[in-house]
**Student:** 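Shown below is the structure under consideration.
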Protein chains: 2
Amino acid sequence: MDATRRTARRSTRQQRLVFEAVSTTRSHPTAEWVYEAVRRELPRVSLGTIYRNLQRLVEEGRLRSFERAGLTRYDADLELHDHFSCVRCGLLMDIPRAPEVLPAERRLRARGFAVEGRTLEFHGLCRKCRRGASSNG
Amino acid sequence: MDATRRTARRSTRQQRLVFEAVSTTRSHPTAEWVYEAVRRELPRVSLGTIYRNLQRLVEEGRLRSFERAGLTRYDADLELHDHFSCVRCGLLMDIPRAPEVLPAERRLRARGFAVEGRTLEFHGLCRKCRRGASSNG
DNA sequence: ATCAATAATAGGAATCCTTACTGATATGGA
DNA sequence: TCCATATCAGTAAGGATTCCTATTATTGAT
Ligand SMILES: [Mn+2]
Ligand SMILES: [Mn+2]
Ligand SMILES: [Zn+2]
Ligand SMILES: [Zn+2]
């Protein structure tokens, strides 16, 4: 049976390298960053291929994506988690998400909204930047 | 004294109309939306003027801005508040922010981070879309 | 190994939002 | 009036992403 599915899912070298580039960093990289990383292994790769595979991996649920400062960034960590970003150095750090339900979410549900998820990001100064904050400009 | 400040701050008709367009809606409009709104009063206004004044108003702290789906959106509500967005109809709704401190923020401070603020957005189905969710595609 | 069918690629053009530039115009003070 | 300066309209330029097309790679079957 199942004669309809003639072709199996491909996994090209390009796609594997794109996924690997994103999944081996915690820096929430941009397409350009992934491009440079993949190029080191596959110098002839094209930027279009990077975008195409990133988008495919997001559709397949193997990566998350979000925007920041006009750029799309990618994250291979599929666990629900929140973020902290440093307004000085640009660090974008993961924060584990505790199972607690936020009061605001309870209020939304009580009003009849179906809450499926959330995005939570704190911003401020990381430890390193905090130390130099008073002396430097 | 204060002879250095020779020219007073101008407030042009264009700037007033840009601010009015943003501040009289709760839809978190885009630059294009503001452009169309201002054009109804001032048909010869240019898109560059819209962008320039939006950017100026944000710098002056009279508007907030943030990105969503590749577009910059503007908000005249300076009160700290959170958002709910409907994944089906695109509604982006304000949620008043209660004074409670989130546990995740306490944990960050305990680890030495200086938390200055946060962005919190829930997503799911609004009441209207929830009703039609099961029957419609 | 060869073949046909199909999926993915490289390279570049096109698109979309936003910013930067330029010459014209308006404003307010000396 | 005359000058300095701010803002304007219009348009060019920029940057990130998507789209397009001919080419190449992969698969399954002969
Ligand atoms: Mn993350
Ligand atoms: Mn708002
Ligand atoms: Zn920092
Ligand atoms: Zn809705």
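Letters A, B, ... mirror the listed sequences (proteins, then strands); counts begin at 1.
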**Student:** Could you state the CD-P distance from Gln15(A) to dT9(C), rounded to the nearest angstrom?
**Tutor:** 7 Å
**Student:** Calculate the interatomic distance between Glu67(A) atom CD and dT17(D) atom P; express it in whole Å.
**Tutor:** 9 Å
**Student:** Quickly work out the Arg13(B) CZ to dT27(C) P distance and round it to whole Å.
**Tutor:** 12 Å
**Student:** Please confirm whether the shortest side-chain N or O distance from Thr12(B) to OP1 or OP2 of dC8(D) is below 4.0 Å.
**Tutor:** yes
**Student:** We want to know whether Ser11(A) and Arg16(A) form a side-chain donor-acceptor pair, criterion being a heavy-atom distance below 3.5 angstrom.
**Tutor:** yes
**Student:** Is the shortest side-chain N to carboxylate O distance from Glu105(B) to Arg109(B) below 4.0 Å?
**Tutor:** yes
**Student:** Is Arg56(B) salt-bridged to Glu59(B), going by a charged N under 4.0 Å from an acidic O?
**Tutor:**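 So Arg56(B) does not pair with Glu59(B) through a salt bridge.
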**Student:** May I ask you to say whether Arg68(A) pairs ionically with Glu121(A), meaning some side-chain N is under 4.0 Å from a carboxylate O?
**Tutor:** yes
**Student:** Nearest whole angstrom, please: distance from the P of dT27(C) to the CZ of Arg16(B).
**Tutor:**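 Taking CZ of Arg16(B) and P of dT27(C), I get 10 Å after rounding.
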**Student:** What donor-acceptor contacts under 3.5 angstrom involve side-chain atoms of residues 93-101 of chain A, with partners at least two apart or in another chain?
**Tutor:**
from	atom 1	to	atom 2	distance (Å)
Asp94(A)	OD1	His28(A)	NE2	3.0
Asp94(A)	OD1	His81(A)	NE2	3.0
Asp94(A)	OD1	His83(A)	NE2	3.1
Arg97(A)	NE	Asp82(A)	OD1	3.2
Arg97(A)	NH2	Asp82(A)	OD1	3.0

**Student:** May I ask you to establish whether Arg62(A) and Phe19(A) are in a cation-pi arrangement, using a distance under 6.0 Å from NZ or CZ to the six-membered ring centre and at most 45° from the ring axis?
**Tutor:**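 That pair qualifies as a cation-pi contact.
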**Student:** Would you jot down, in residue-number order, the residues of residues 28-58 of chain B having a non-hydrogen atom under 4.0 Å from DNA chain C?
**Tutor:** Tyr51(B), Gln55(B)
**Student:** In this structure, how many angstroms lie between the C1' atom of dA9(D) and the CD atom of Gln14(B), rounded?
**Tutor:** 9 Å
**Student:** Has Thr72(A) got a side-chain N or O lying under 4.0 Å from the OP1 or OP2 atom of dA16(D)?
**Tutor:**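 No, no such contact exists.
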